[in-house]
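Taking it in order: structure first as structure tokens, then the write-up.
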Amino acid sequence: MNCKDRPYRSLSTGSWFKLIGGASFQDLPALHNLALVYTLAGADCVDVCADPAVIVQVAEAIRLARGMASAEKSTPGAPLLMVSLNDGADPHFRKAQFPSFLCPSECIRPCLQICPVDAITSEGVIAERCYGCGRCAPVCPIGLITMRPWEQSVQDIGTMLAAHPVDALEIHTHSGNWAGFQRLWAGLAQILPGLKLVAVSFPNEPGIREHIEQVCTLILASALSEEVKRNLVWQVDGLPMSGDLARGTARTAVQFAAHVQGWKLPGHLQLAGGTNDTSVALAASEGVHIAGVGYGSYARRLVRTEIDGGPLEKHPALLSQAVRRAQALVRQLKPDIAQEGITPWLKLPS
Ligand code: SF4
Ligand code: SF4
């Protein structure tokens, strides 16, 4: 991949769109549909959890979408397939749990109603669906819901990624996790030369600047290609997994990005955490120069009714509807997307 290829071009022109599938979201049918829809809508990157079954499923959905487009001579280019990893405790890598036999029969089940991905049933939490947003825990009147970490060992991750290659990695890190970051980075040594992109995601917390500068030095000294080092992505994580809660959540990420801009990190700044349809305009109005935006819960909610059915390739009308909704979001970063011929085959209803 060189600087003229679409993902790098998008980063350098500020039109990078990343779909965040969820660092611990393992619902294969939903991920298949999400990847299909957002690939067709023009995403540059699909970021999913480091689970071999998820990698295989999403790679297949991307291939399928590319096949649909090329069948009609459309050439959208494939998004990068990225997996998210963590170097220590992180809210993106956890699952809810509760012993359902202790639920009082008179409970009106607020947990079930608040879950944005229908991961809770009367039997408990469907672990594959839960992406750790944490919304269910505070609404339980008897405090029955707890969060457990969802982690893999560094050795397992290195072995798994060698067997299931991906285009890109994102590492979620925190200040205080320097030893964990070094350990993880060392465990990835084997796959670094083959990567097309590396991103680092971090929240606004005390000591984060010093930590990120250390991380940056280590990454720049590694075996990554020079192109990848020039295109490092720094994901500023505003309010994790909150983009579908309220419009105001986008402001936190933009304010944090404005701050990080002053650190002069090499590469590109990307928003995430609370992003929604106000993020792009907000960044522009605040004078924050971003390379793009990662959308998670907001992107998922936009197409929620369509993705929870069967494989969308078997339901052209629903697929078409979902792509059109997704494109409305993608177009905020890529206003010329309709002219790029991303989905002429879909014959979208007007
Ligand atoms: S509300 Fe969030 S944390 Fe709770 S089960 Fe649903 S996805 Fe998991
Ligand atoms: S809110 Fe708490 S008590 Fe009620 S069903 Fe959910 S987990 Fe059980």
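All values derive from a computational prediction rather than experimental measurement. Order of appearance sets the numbers: ligands from 1, and atoms from 1 within every ligand.
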ask   = Between N33 (side chain) and I307 (backbone), is there a donor-acceptor pair under 3.5 Å?
value = yes

Where ligand 2 meets F98 - atom numbers and elements under 4.0 angstrom, heavy-atom basis = 7 (S)

task = May I ask you to list the atoms of ligand 2 that are less than 4.0 angstrom from any heavy atom of P141?
result = 1 (S)

Protein contact of atom 6 (Fe) of ligand 1 - nearest heavy atom, named by residue and atom, plus distance = C115 SG, 2.4 Å

query = Taking 4.0 angstrom as the limit, do R209 and E213 come out as a salt bridge?
reply = yes

request  = Please identify which atoms of ligand 2 are closer than 4.0 Å to at least one heavy atom of C140.
outcome  = 1 (S), 2 (Fe), 3 (S), 7 (S)

Side chain, backbone, both or neither: the part of K95 lying under 4.0 Å from ligand 1 by heavy atom = neither

task = Specify side chain, backbone, both or neither for P104, according to which of its non-hydrogen atoms lie closer than 4.0 Å to ligand 2.
result = side chain

task = Run the salt-bridge test on R94 and E151 with the 4.0 Å N-O cut-off and return the result as yes or no.
result = no

request  = Using a strict 4.0 Å cut-off to heavy atoms of G134, name the atoms of ligand 1 that fall inside it.
outcome  = 2 (Fe), 3 (S)

ask   = Against heavy atoms of R109, which atoms of ligand 2 measure under 4.0 Å?
value = 5 (S)

ask   = Between Q327 and K334, does any side-chain donor sit less than 3.5 Å from a side-chain acceptor?
value = no

request  = Report, in ascending order of atom number, the atoms of ligand 1 lying under 4.0 Å from any heavy atom of I120.
outcome  = 5 (S)

ask   = Going by an N to O cut-off under 4.0 Å, is there a salt bridge joining R304 and D118?
value = yes

key: Per-residue contact class, I145 against ligand 2 - non-hydrogen pairs under 4.0 Å   = side chain

message = Under a plain distance cut-off of 3.5 Å, with no hydrogens placed, do S24 and H92 share a side-chain donor-acceptor pair?
response = no

request  = Would you mind checking if K196 and E227 are paired as a salt bridge, meaning a charged N to carboxylate O distance below 4.0 Å?
outcome  = no

Under-4.0 Å heavy-atom contact with ligand 2, by part of C107 that carries it = side chain

inquiry  = For atom 2 (Fe) of ligand 1, what is the closest protein heavy atom, and at what distance to 0.1 Å?
reply    = C133 SG, 2.3 Å

key: Within 45° cone and under 6.0 Å: R300 NZ/CZ vs Y295 ring   = no

inquiry  = Quick test of your reading of the model: are R9 and D44 salt-bridged, counting only N-O distances below 4.0 Å?
reply    = no

ask   = Is a side-chain N or O of Q113 found less than 3.5 angstrom from the main chain of I108, in a donor-acceptor match?
value = yes

query = Nearest to atom 8 (Fe) of ligand 1, what protein heavy atom do you find, and at what distance?
reply = C130 SG, 2.4 Å

message = Could you tell me, atom by atom, which parts of ligand 2 come under 4.0 Å of a heavy atom of P110?
response = 1 (S)

query = Quick one: does ligand 1 sit under 4.0 Å from the side chain of I114, the backbone, both or neither, non-hydrogen atoms only?
reply = neither

request  = Could you establish whether G143 and ligand 2 come within less than 4.0 Å of each other, counting only heavy atoms on the residue side?
outcome  = no

inquiry  = So, 4.0 Å and heavy atoms of R129: is ligand 1 close enough to count as a contact?
reply    = no

